[in-house]
Amino acid sequence: MKHQRQGAVSGLARRAGVVGAAAFIAVVGGVSTAGAATPGPGSDQVLAKTEYTFHPTGQDRSVAASRRVIHCEMVFVGANHGAPHHSGHVPGTVNVRVRVTCTQPVRLIKGKVGLFSNHGSKIKEYGSTGRAAAKGNAALVCRTGYYQGESAATIVAPVGYNPPTANMAARTAKVHLTKCG
């Protein structure tokens, strides 16, 4: 099962166009990963929240310029740090929800969220244009087993911000769910 899941996670990163996104963010700077190091594909380390900061371009680093800084974060939504859970809307399913929010509108937020289990996986796209937020979810038919959510997103900053584009990625804890009735 571990080999199958690793391939699925790598597939999410490839399909989202953000291979090595978390490593890229850590090198460029301005990112916080809830105090954890960036995990590689197949790692058991959990990053349920990721943050990024865009700075205005130019030489002016005054107080006025700092007010225009754009902070973005990716968070899994729900109890237990957004871990996969029995759906409250669609009986007999398990889902995971993710939200990307920024303090100001950005040009583009484009991402994918995946729900992986020892019984299969589901990957769904989400995004927004010219807004400060985007959200997505992925769901599977509930079967007793292990589940984990993962998301990767690209954010395109407004003109005049550095970096012009940033990638973020996060994952939930792996949980064991039963009582699929």
Side-chain angles (χ1 to χ4, degrees), residues 1-26 31-52 72-102 109-128 131-155 166-181:
M1 186 208 65
K2 186 164 181 135
H3 293 292
Q4 175 186 7
R5 196 194 150 288
Q6 284 179 340
V9 172
S10 298
L12 172 63
R14 276 194 302 276
R15 286 181 226 141
V18 292
V19 174
F24 170 79
I25 294 169
V31 75
S32 166
T33 56
T38 303
S43 168
D44 288 333
Q45 191 161 9
V46 175
L47 295 179
K49 177 180 176 181
T50 303
E51 300 174 324
Y52 198 87
C72 298
E73 72 176 5
M74 174 185 288
V75 176
F76 284 93
V77 180
N80 300 319
H81 305 286
H85 56 276
H86 295 285
S87 174
H89 296 45
V90 182
T93 63
V94 172
N95 71 355
V96 65
R97 299 178 296 152
V98 68
R99 179 181 66 231
V100 175
T101 56
C102 300
I109 300 171
K110 183 177 182 177
K112 293 193 178 194
V113 59
L115 178 59
F116 302 92
S117 100
N118 50 320
H119 300 294
S121 62
K122 182 69 145 190
I123 299 172
K124 301 282 284 195
E125 294 183 3
Y126 65 93
S128 66
R131 304 186 85 174
K135 61 185 178 179
N137 82 40
L140 290 169
V141 171
C142 186
R143 292 173 64 187
T144 297
Y146 290 92
Y147 293 84
Q148 185 170 29
E150 184 165 331
S151 183
T154 299
I155 302 172
N167 298 311
M168 346 178 75
R171 67 172 57 164
T172 69
K174 187 184 298 182
V175 296
H176 186 261
L177 297 176
T178 60
K179 299 182 182 171
C180 299

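Just the heavy atoms: all of them, side chains too, but no hydrogens, waters or symmetry mates, feed the values below.
- In plain terms, the two heavy atoms of Gly149 and Pro84 that are nearest each other are N-CG, 3.7 Å.
- For the pair Tyr147/Val96, no side-chain contact is recorded, criterion being any heavy-atom separation below 4.5 Å from C-beta on.
- For the residue pair Ala170 and Thr50, the shortest heavy atom distance occurs at CB-OG1, 3.6 Å.
- To the nearest 0.5 angstrom, Lys112 atom NZ is 13.0 Å from Glu150 atom CD.
- Side-chain atoms of Val98 and Lys135, non-hydrogen and from C-beta on, never get closer than 4.5 Å to each other.
- We find the OG1-NE2 distance between Thr93 and His85 to be 8.5 Å, quoted to the nearest 0.5 Å.
- Formation of a donor-acceptor pair under 3.5 Å by the Thr172 side chain with backbone atoms of Gly82 is not found in this model.
- The shortest heavy-atom contact between Ala134 and Ile109 is CB-CG2, 3.8 Å.
- Going from atom SG of Cys72 over to atom CD1 of Ile155 covers 4.0 Å, rounded to the nearest 0.5 Å.
- Distance check: Lys122 NZ to Leu115 CG gives 10.5 Å after rounding to the nearest 0.5 Å.
- Note that the CG atom of Leu140 and the CZ atom of Phe116 stand 9.5 Å from one another [nearest 0.5 Å].
- Proximity of a side-chain donor or acceptor of Glu73 to a complementary backbone N or O of Thr101 within less than 3.5 Å is not detected.
- Taking all atoms of both residues into account, the shortest heavy-atom contact from Met74 to Tyr126 is CE-OH, 3.8 Å.
- Of the possible polar contacts, one joining the Ser128 side chain to the Ala133 backbone as a donor-acceptor pair under 3.5 Å is found.
- Put simply, the side chain of Pro91 does not reach to within 4.5 Å of the side chain of His86, judged on heavy atoms.
- The line from CG of Asn137 to OG of Ser151 is 11.0 Å long, rounded to the nearest 0.5 Å.
- Looking at heavy atoms from C-beta onward, Thr144 lies in side-chain contact with His176 at the 4.5 angstrom threshold.
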